[in-house]
Amino acid sequence: MAESQKLLLRVYIAPDIAHKMTLSTRPSTVEELITVIKEKFRPRLDFDFNLQYEDPDFGGQLCFLTDISELPEKAVLKVHRSETDAGSASTSDTEILPYAPERLQSWPDVFPVPQFSYDVEHSLNGGNMAYQNSGKFLKLTKGQKHDILENMAKAMHSFKAYPSDKEVAKAAEALISKHPCLTEPGSQCGWYGWKTSLKFKMGNFRTKLSRSGCEEVAVNSGKRSKNNPESESPHSNIKRARRAEVNYLPNFPKGESAESLEQQRLQIVEEVSKTERSLGLIERLMQSTFALRRKQIVVDNPSQAVKEFLEKWPALRLESQIAAEFHRITNISLKNKFYAELDNHTPRLIAVYRQKAARTGKAAEALRSICSAYDLTDHYDINNRRTVALRALPVYFREDDSVFFKMWNVGFYTSQLNFNVNYLIMLMKFSNAFQTEELDEPDIADSAVALVSMVNGES
């Protein structure tokens, strides 16, 4: 390809943040392209990174860009943090924290049975063949069963420290499905005894982790025992993940203490108070202090008011950090998840709105107005469909939406930043989060959660 060739790029600087770039000439090297991108999006990309691109020769799969001539005229690029840049904020889908998180995903739909020791796997392979040929069950030695339970407990803990009864049952069922020779004769389901053994093994495994200093389970230690008969019951007030939390109570990063992380927290407060903030620095500090925040929420003061917590952690008033914190806890992209679920339900919601709009009453009249306005727009525009789905929802339920829905007339500010004026963005903010005059933000100081529609006053 000629080096003077024009390039049209879509650059993903984060998993859910993409920007278009047009280069009049093709850079001579990959390093030169990285420099151009880094300067374009500084300080957001204030760290070392490589570039991945969607290779059309392999069905759009991501490949690392090593030769600039391989880059098509129109290309999708993804920033990938360099392995050597351990201190920077990660931009990949799985590298959420600058230190290794304890978990990267929640409990799977199908439990993956782990690999056991060589001798146990050898016995299981032979046992499975014998079961398939003659229906004979495998009789395990005490050491073999211990190895199976130990490895299963480690695999279960990699997803959740306190799995529910149903989840343990799924793990036991998966074990028998992969190794049918372990089926229990006389058992209706074939795995009930394994489920009971796994529950006891998980309890023993948590005890070992607690003694080793694992915060997630150590927080529940020191309860009623022979030495502490007056303490509360060991089965009461268990602090554990109850919903979608993947990283519930991680340990502090290696080499860090509560005192050193507190110094980083104060640095965050100072940086957020500046007029010109370094978002890259805030991101890195918020990543490294994640374990301290979780400790304050789960252990130190769980009844602490949101307003008091935000005074300590003002960066959580920023939209980007709200999404980032959600990602740190659940390993799920907040915006991607929200929009995916919204898009899934939008066709049915619009159909329900039209059905009710055909009736009589104030709610029906308001829905007719919204549907009429929607009919004048481009139905192929996903943003228009999202807008009507959200805007009509409180009307359908006859709820007051004056505090929830806000209009932001951004005028010239919008055209300068190339915002899409028809785009409805979800901003989750907390009370007293902004001084709108200084930050050019919509007036949502009194809203816990708000949907802000940006409109251009000049159009």
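Quick caveat: nothing in here was measured; it's all calculated off a predicted structure.
The distance from the CD atom of Glu270 to the CG atom of Leu281 is 9.5 Å, given to the nearest 0.5 Å. Here His345 contributes atom NE2 and Ile350 contributes atom CD1; the two are 13.5 Å apart, rounded to the nearest 0.5 Å. For the atom pair Leu9 CG and Leu7 CG, the distance stands at 5.0 Å (nearest 0.5 Å). Rounding to the nearest 0.5 Å gives a distance of 11.5 Å between CZ of Phe252 and OG of Ser288. Considering CG of Asp343 and CZ of Phe338, their distance stands at 9.5 Å, rounded to 0.5 Å. Interatomic distance, Leu77 CG to Asn50 CG, rounded to the nearest 0.5 Å: 12.0 Å.
For residues 351-363, the side chain to side chain donor-acceptor pair (under 3.5 Å) pairs, not counting sequence neighbours, are Arg354-Asp375.
Of the possible polar contacts, none joining the Trp191 side chain to the Ser177 backbone as a donor-acceptor pair under 3.5 Å is found. Side-chain N or O atoms of Ser260 include none that pairs as donor or acceptor with a backbone N or O of Glu256 at under 3.5 Å. Using a distance-only test at 3.5 Å, with no hydrogens or angles considered, no donor-acceptor pair links the side chain of Arg10 to the main chain of Val76. Of the possible donor and acceptor atoms, one in the side chain of Asn384 sits under 3.5 Å from a partner among the backbone N and O of Asp378. The closest donor-acceptor contact from the side chain of Ser158 to the backbone of Ala155 lies under 3.5 Å. The backbone N or O of Glu184 lies less than 3.5 Å from no partner atom in the side chain of Ser187, so there is not a single donor-acceptor pair. No donor-acceptor pair under 3.5 Å is formed between the side chain of Glu325 and the backbone N or O of Leu316.
Side-chain contact between Asn247 and Ile329: absent, with no pair of heavy atoms (C-beta onward) separated by less than 4.5 Å. Looking only at side-chain heavy atoms (C-beta outward), Val272 and Arg277 come within less than 4.5 Å of each other. Residues His379 and Tyr374 form a side-chain contact, since some pair of their non-hydrogen atoms from C-beta on lies under 4.5 Å apart. When side chains are defined from C-beta on, Lys38 counts as touching Phe49, because their heavy atoms get closer than 4.5 Å. The closest side-chain heavy-atom distance from Lys170 to Asp109 is not below 4.5 Å. Considering only heavy atoms from C-beta on, Leu33 comes within 4.5 Å of Leu65 through its side chain. Residues Phe326 and Ser333 have side chains not in contact (no heavy-atom distance under 4.5 Å, counting atoms from C-beta outward). Put simply, the side chain of Glu271 reaches to within 4.5 Å of the side chain of Ser278, judged on heavy atoms.
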inquiry  = Does Phe111 form a side-chain contact (heavy atoms from CB on, under 4.5 Å) with Met152? I'd like the steps, not just the answer.
reply    = CA-CA 10 Å; Phe111 185 83; Met152 286 290 291; 3.7 Å; yes
ask   = Where do Ile268 and Met286 land on the side-chain contact (heavy atoms from CB on, under 4.5 Å) test, with the steps shown first?
value = CA-CA 8 Å; Ile268 294 173; Met286 288 293 287; 3.6 Å; yes
message = With side-chain contact (heavy atoms from CB on, under 4.5 Å) as the criterion, how do Leu51 and Ile37 come out once you've worked through the C-alpha distance, each side chain's angles and the decisive distance to 0.1 Å?
response = CA-CA 10 Å; Leu51 290 174; Ile37 293 175; 3.8 Å; yes
message = Walk me through whether Ile68 and Arg26 qualify under side-chain contact (heavy atoms from CB on, under 4.5 Å).
response = CA-CA 8 Å; Ile68 195 66; Arg26 176 183 291 268; 4.1 Å; yes
ask   = What's the verdict on side chain to side chain donor-acceptor pair (under 3.5 Å) for Gln287 and Glu283, showing C-alpha distance, side-chain angles and the deciding distance?
value = CA-CA 6 Å; Gln287 299 275 24; Glu283 175 77 10; 3.0 Å; yes
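Neither side chain, Gln264 nor Arg284, offers a donor N or O lying under 3.5 Å from an acceptor on the other. A side-chain N or O of Trp313 and one of Gln296 form a donor-acceptor pair less than 3.5 Å apart. For Glu245 and Thr330, the side-chain atoms include no donor-acceptor pair closer than 3.5 Å.
Ring centroids of Tyr12 and His19 are separated by 6.0 Å or more, keeping the two rings apart.
In summary, Arg368 and Glu365 do not engage in a salt bridge, as defined by a charged side-chain N under 4.0 Å from a carboxylate O. Between Lys312 and Glu308 there is no salt bridge, since no side-chain N of the basic residue sits under 4.0 Å from a carboxylate O of the acidic one. For the pair Asp165 and Lys195, the salt-bridge criterion is met [side-chain N within less than 4.0 Å of a carboxylate O]. With respect to the salt-bridge test (charged N to carboxylate O, under 4.0 angstrom), the residues Lys166 and Glu173 do not qualify. Taking a cutoff of 4.0 Å between a charged side-chain nitrogen and a carboxylate oxygen, Glu167 and Lys160 qualify as a salt bridge. A salt bridge is absent between Arg206 and Glu216; no separation between the charged side-chain nitrogens and carboxylate oxygens falls under 4.0 Å.
Smallest separation of non-hydrogen atoms from Pro72 and Tyr53: CD-CD1, 4.2 Å. Of all the heavy atoms in Pro253 and Leu261, the pair that sits closest is CD-CD1, 4.2 Å. The nearest pair of heavy atoms linking Ile282 to Ala315 is CG2-CB, 3.9 Å. Of all heavy-atom pairs between Ala389 and Thr346, the closest is CB-OG1, 3.8 Å. In this structure, Ala161 and Val217 approach most closely via the heavy-atom pair CB-CG1, 4.1 Å. Residues Pro250 and Phe290 share a closest heavy-atom pair of CG-CE2, 3.7 Å.
Shown here is Glu399, whose CD atom has more than 12 heavy atoms of other residues, nucleotides or ligands within 6.0 Å. Shown here is Lys74, whose NZ atom has no more than 12 heavy atoms of other residues, nucleotides or ligands within 6.0 Å.
Considering only residues two or more places apart in sequence or on other chains, Glu262 meets the salt bridge (Lys or Arg N to Asp or Glu O under 4.0 Å) condition with Arg265.
For the salt bridge (Lys or Arg N to Asp or Glu O under 4.0 Å) with Asp300, the qualifying choice from Arg293, Lys295, Arg294 is Lys295, the only one to do so.
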